[in-house]
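No experiment lies behind these values; they were computed from the predicted model shown. When a residue number appears, it is its place in the shown sequence, counting from 1.
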Amino acid sequence: METARITVIGAGYVGLVTGVCLANSGHDVTCVDVDAAKIEMLSSGSSPIYEPGIVELLAKTSASGRLRFATPQDGWAPLLGDIVFVAVGTPMAESGAADLTAVREVVQTVAATTDHPFTLVMKSTVPPGTGRDLVSRFLDDSPHPIGYVSNPEFLREGRALEDWYHTDRVVLGSDDPSALDAVEALYEEVDATVLRTDIASAETIKYASNAFLATKISFINEIANVCDAAGARIDDVSVGVGLDSRIGPQFLNAGIGYGGSCFPKDVRALDFISSESGYSFELVKAVIEVNARQRTLPVDALRRTLGDLSGARIAVLGLTFKPDTDDVRESPAIDIIASLVAEGASVLAYDPLASHVILPEGASRVDDAWTALTGANAVVLVTEWSEFVGLDWTRAAAAMAAPKIVFDGRNALDANALEAAGVRYMAVGRDGCHRRHDH
Ligand SMILES: NC(=O)c1ccc[n+]([C@@H]2O[C@H](COP(=O)([O-])OP(=O)(O)OC[C@H]3O[C@@H](n4cnc5c(N)ncnc54)[C@H](O)[C@@H]3O)[C@@H](O)[C@H]2O)c1
């Protein structure tokens, strides 16, 4: 393998994983970020994000001298290698569009300041058409030739390192064959199908993939609501549907909907792009609407059961959008807590990792599940951390106050065991489920 000089711009979830894994493959990598505190942490061996295995790999690659961290304060030119990955954020703007401010700023700056030719690899998720626009606006004017490759990222937080080495596919979009060759060579050690295409198709693959997965989630959530109405068991329905190899078992877990830094913003952006181009993407609109509605289920159920929520003590278990990450971006927990507080409930929330999140005013974060649920009239399980699934629910039921409701927002708990423990168990589409367990 030929060693490449690589720069990764943006040392967040995607950039850091990219940098660490490429350095681990033997390349010479510099990760650059405008956040000086983040760079300082990384330089001293700590990770600003939680990702299983990242601290160990960070230590190994930093010690080997193949991984360095820098801010661009002393100028970009010396930081730029032969291949430059862009992995800065593309958050959701108020309109629903992807906010490309950071991407444009970075591409414009590196194109204008480089003192040598390089290949620019776009890992940030950007709408179809963006690459072509960046090339004509910034790269074509650069004093040195810059090849452009769209290389969307598909990693899952919590399994990001595993996904780097064993991803389903590596998508590379470019009209520059030598740039494609250079980037494909970086994935030599990765066990994946490589798909080469044009820039706009690569960009579209990313949005289509996330929108499809989000659709699967909203679809099974709609089916769960039908199960509640029909007295069917969503668990069995999901298994039965997922056994069809054309459908597959993944993303068929009913619950309070998707969150995170990708699905909500990417699905909204796809809706926005479609509308802007005069096309109304009805399916995507419905996916967004269903997902928003799912978040209201726990509060609706508690209101129906408890009546007035003012004065009720509610424990919220889990703040991250899924287990094994510290990411709380677009987590349903925040909306649910805000609604509970708005209705006068007193909320104590606990999460094993998300200690940095700012909760809606009126809610408090506590240091363990037992403090949250002792004396609580109801518990809302938002994130299926194994710590919550494996909780001693008999002891929990004894510690709770009447009417001891547990709303399982992820259908992750054992309904029968909880009811046997004296809890009133509620979930999503499992209404007929536990009562008819032995039939
Ligand atoms: N997180 C995921 O699971 C995931 C998965 C696939 C794709 N993506 C996409 O990858 C991109 C990055 O996502 P993320 O989750 O890593 O974001 P992040 O917010 O964790 O990291 C982005 C980093 O970019 C830095 N940054 C911003 N402007 C900069 C600039 N001008 N120069 C240098 N650094 C700058 C920020 O300080 C931050 O550290 C997004 O487009 C996202 O949609 C994310």
Spell out, as yes or no, whether a donor-acceptor pair under 3.5 Å connects the side chain of Asp163 to the backbone of Thr167.
no
Please tell me whether Tyr148 and Arg132 have a donor and an acceptor in their side chains that are separated by less than 3.5 angstrom.
no
Under 3.5 Å donor-acceptor, His356 side chain and Asp326 backbone
yes
Just by distance, no angles: are the side chains of Glu384 and Asn253 close enough, under 3.5 Å, to form a donor-acceptor pair?
no
Do Arg395 and Trp370 meet the cation-pi criteria used here (NZ or CZ under 6.0 Å from the six-membered ring centre, within 45° of the axis)?
yes
Under 3.5 Å, is there a donor-acceptor pair linking the side chains of Ser274 and Asp271?
no
Salt-bridged, Arg329 to Asp327, with N to O below 4.0 Å?
yes
For a quick check under 3.5 Å, do Asp308 and Ser310 share a side-chain donor-acceptor pair by atom type?
yes
Is atom CD of Glu56 surrounded by more than 12 heavy atoms (other residues, nucleotides or ligands) closer than 6.0 Å?
yes
Any chance the side chains of Glu282 and Ser280 put a donor and an acceptor closer than 3.5 Å?
yes
Can a donor-acceptor pair be found between the side chains of Thr90 and Lys265 at a distance below 3.5 Å?
yes
Should Arg196 and Asp181 count as an ion pair when the cut-off is N to O under 4.0 Å?
yes
Donor-acceptor pair, distance only, cut-off 3.5 Å: does the side chain of Thr119 make one with the backbone of Ala179?
no
Tyr13 and Glu153: CA distance, side-chain angles, deciding distance, side chain to side chain donor-acceptor pair (under 3.5 Å) verdict:
CA-CA 11 Å; Tyr13 287 87; Glu153 180 55 59; over 6 Å; no
Say whether, by atom type as modelled, one donor and one acceptor occur between the side chain of Arg365 and the main chain of Val357 under 3.5 angstrom.
yes
Please check if atom CD1 in Ile358 has more than 12 non-hydrogen atoms from other residues, nucleotides or ligands closer than 6.0 Å.
no
Any donor and acceptor pair, going by atom type alone, linking the side chain of Lys216 with main-chain N or O of Ile247 inside 3.5 Å?
yes
Using the side chain to side chain contact (heavy atoms under 4.5 Å, CB included) rule, take Glu419 and Val423 through it: C-alpha gap first, then chi angles, then the decisive distance, then the call.
CA-CA 5 Å; Glu419 293 215 323; Val423 148; 5.9 Å; no
Ignoring hydrogens and geometry beyond distance, is a side-chain donor-acceptor pair present between Ser178 and Asp176 at under 3.5 Å?
yes
Taking the six-membered ring of Phe138, is the NZ or CZ of Arg104 close enough (under 6.0 Å from the centre) and on axis enough (within 45°)?
no
Does any N or O in the side chain of Asp324 come within less than 3.5 Å of the main-chain N or O of Gly158, such that one atom is a donor and the other an acceptor?
no
Report yes or no: do Asp191 and Tyr165 form a side-chain donor-acceptor pair below 3.5 Å?
no
Full working for ring pair (Phe, Tyr, Trp, His ring centres under 6.0 Å) between Trp164 and Tyr187
CA-CA 9 Å; Trp164 178 272; Tyr187 288 99; 5.3 Å; yes
For Asp244, look at atom CG and say whether over 12 heavy atoms of other residues, nucleotides or ligands are found less than 6.0 Å away.
yes
Distance-only side-chain donor-acceptor flag, Asn377 / Lys404, under 3.5 Å
no
For Leu42, does its backbone N or O pair with a side-chain atom of Ser46 as donor and acceptor, under 3.5 Å?
no
Would you confirm whether Asp198, through its side chain, and Ser174, through its main-chain N or O, come within 3.5 Å as a donor-acceptor pair?
no
Anything under 30° is parallel, anything over 60° is perpendicular, the rest tilted; go ahead and classify Phe263 against Tyr258.
perpendicular
Euclidean distance, Ile220 CD1 relative to Thr215 OG1, rounded to 0.5 Å:
13.0 Å
So Val194 and Arg169, do their side chains get closer than 4.5 Å, heavy atoms only?
no
Side-chain (Thr296) to main-chain (Arg293) donor-acceptor, under 3.5 angstrom
yes
Looking at Thr374 and Thr371, would you say the former's side chain and the latter's main chain have a donor-acceptor pair under 3.5 Å?
no
List the steps, then state whether side chain to side chain contact (heavy atoms under 4.5 Å, CB included) holds for Val328 with Phe321.
CA-CA 6 Å; Val328 294; Phe321 80 95; over 6 Å; no
Pairwise side-chain contact, Val8 with Thr30, heavy-atom cut-off 4.5 Å (strictly under)
no
If we only count heavy atoms from C-beta on, is the Asn151 to Met122 side-chain gap below 4.5 Å?
no
Asp351 and Trp385: side chain donor to acceptor below 3.5 Å:
yes
